[in-house]
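Step one of this worksheet: look at the structure below.
Since we're looking at a predicted model, the values are computed, not measured. Counting begins at 1 with the first residue of the sequence.
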Amino acid sequence: MSQAANPEPAPSKAQVRLRIIGLSVLSFFLMGSYSLARSTSESLFIEAHTSKGLPLVWVLVSLGMLASVLVYTHFVPRFELMNLFGVVTFISTGLMVALMLGRQAELPGMHHMLYVWKDTYMVVLVEIFYSFANSAFTIQAARWVYGLFGILGGVGAIVGNLAVRQLAPQIGTANTLWLVAPMLVGIALGAMALGRAAGVENPLRGAERPPGISDAIRVARRSSYLLLVLLLIALTQCVITLIDFSFNEIVEAIYPETDARTALVSTVYAAISTGMLLLHGSTGPLLRLAGVPLVLLSIPLIMGGGVTVFTVAPALATVLVIKVGSKCFDYTLFRNAKEILYIPLSYQERTQGKSLVDMLTYRVAKGIASAMLAAALATGLPNIVNLLTLALIGGWFLVTLVVTRRFRQKVSREEEINGK
């Protein structure tokens, strides 16, 4: 039951410090940029298409993620991870500028594409970030430093959301979104500098035939462990998507004016960021005391209780609590514990296989949830969305039970604690 060793030679203490500092800084600015991009692009979309347009744009996000995965799995064996991070960030900046100019020219579909862009760029960059971290740190180290990255990312998110709250009413939502471009340029340059100073060797680079998408599919298909993680993520994201729909539906009804709605949404995300900050700070101690399996199992139980309350007493205050809770858990305890599930695997499983599991599933699940949502709403039954959410939470708990048992077969409790 021993943990698979990282293929990378043991780094020096200076390299470890650089990796921790560099990833912490990247986390701060990455989450800050996303806070600006998310609140503004979502509000602009609701202004143009209302919440009724969300199911369609979620399907488009799924298609965008599929295209991104096809490209990503082709290039990840050919680049050092931080260099790839920088290249993707530069491309994302160019796409954002083009879409904003298209919006100003009133070209059709720009709000849809901006929504797809803000979801896609963040998923890809976070994927590369944690692929690098999973290759750079042991489970013992990850238990603590992932919480640190989350704390600084949470601070960045709070700063970004509060900036939106102040700027949107003064300069407008669209002008606030433009501020993301210079932030992304700085992030790209910083990531490339980190790669040069303390990068992780890519064992797939330089191969006579670098693995491609077919190899990534083969890796994922042959690993029942990865398939279980895929199902776990799919169920989790379907639940969160349904909660998001309930949230947006109520907010649209109560706050019809765009800038006021933007201010409320940014306030909610600031609350999420604050909760994330607290949970990230407790990640290390919780994972040390309870272990990865128990932490992962507790999350669907808590969310199930919250959705049950909302089903009985649907109200803005109730859905706000569930919205904040779902995002806080997803971005903190769930993500950090879920990332540790990948550490015992091979480099190809941690990069190409993980890209199919994480990048694709996180957003394709929105498309699946959209289809389920449309079918549920078509029935016209009261509370049908809430009941569907509760059923999915039950499946989430059962899959978590199976995958955490498989993790424990790979990594004993002693190895998890002591890093042996």
Can you find a pair of side-chain heavy atoms, one from L152 and one from L148, that are under 4.5 Å apart?
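Of all side-chain heavy-atom pairs linking L148 with L152, at least one is under 4.5 Å.
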Do T93 and M96 touch side chain to side chain, with heavy atoms closer than 4.5 Å?
no
Row check, Y34 ring normal vs K118 NZ/CZ: under 6.0 Å, within 45°:
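No, cation not above the ring by the 6.0 Å, 45° rule.
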May I ask you to check whether R165 and T267 show a side-chain donor-acceptor distance below 3.5 Å?
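Their side chains do contain a donor-acceptor pair, which is all the 3.5 Å distance test asks for.
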Can you tell me which residue among F129, Y331, F132 is in a ring-ring contact (aromatic ring centres under 6.0 Å, His included) with F149?
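Testing F149 for a ring-ring contact (aromatic ring centres under 6.0 Å, His included) against F129, Y331, F132 leaves exactly one candidate, F129.
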Quick check: does any side chain N or O of [X] sit under 3.5 Å from a backbone N or O of [Y], one acting as donor and the other as acceptor?
X	Y	result
S298	V295	yes
S27	L23	no
W396	L232	no

From the options I340, I343, I20, select the one residue that forms a side chain to side chain contact (heavy atoms under 4.5 Å, CB included) with F137.
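Going through the options one by one, the only one that passes is I20.
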Closest heavy-atom contact between G190 and L26?
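Looking at all heavy atoms of both residues, the closest pair is C-CD2, 4.5 Å.
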Closest non-hydrogen atom pair, L287 against A337:
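Result for this residue pair: CD2-CB, 4.2 Å.
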More than 12 heavy atoms of other residues, nucleotides or ligands under 6.0 Å from CZ of R405: is that the case?
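Open: at most 12 neighbouring heavy atoms sit under 6.0 Å from CZ of R405.
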Above 12 or not: heavy atoms from other molecules or residues under 6.0 Å from CZ of F45?
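Atom CZ in F45 is packed in, count exceeds 12.
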Step through it carefully: locate the ring centre of Y225, locate the ring centre of F407, and say whether they are under 6.0 Å apart.
no
Just do the side chain to side chain donor-acceptor pair (under 3.5 Å) check on R143 and T283 with the steps written out, would you?
CA-CA 7 Å; R143 187 169 63 232; T283 294; over 6 Å; no
Under a 4.0 Å N-O cut-off, is there an ion pair linking D119 with R38?
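Between R38 and D119 there is no salt bridge, as every charged N stays at least 4.0 Å from the carboxylate O atoms.
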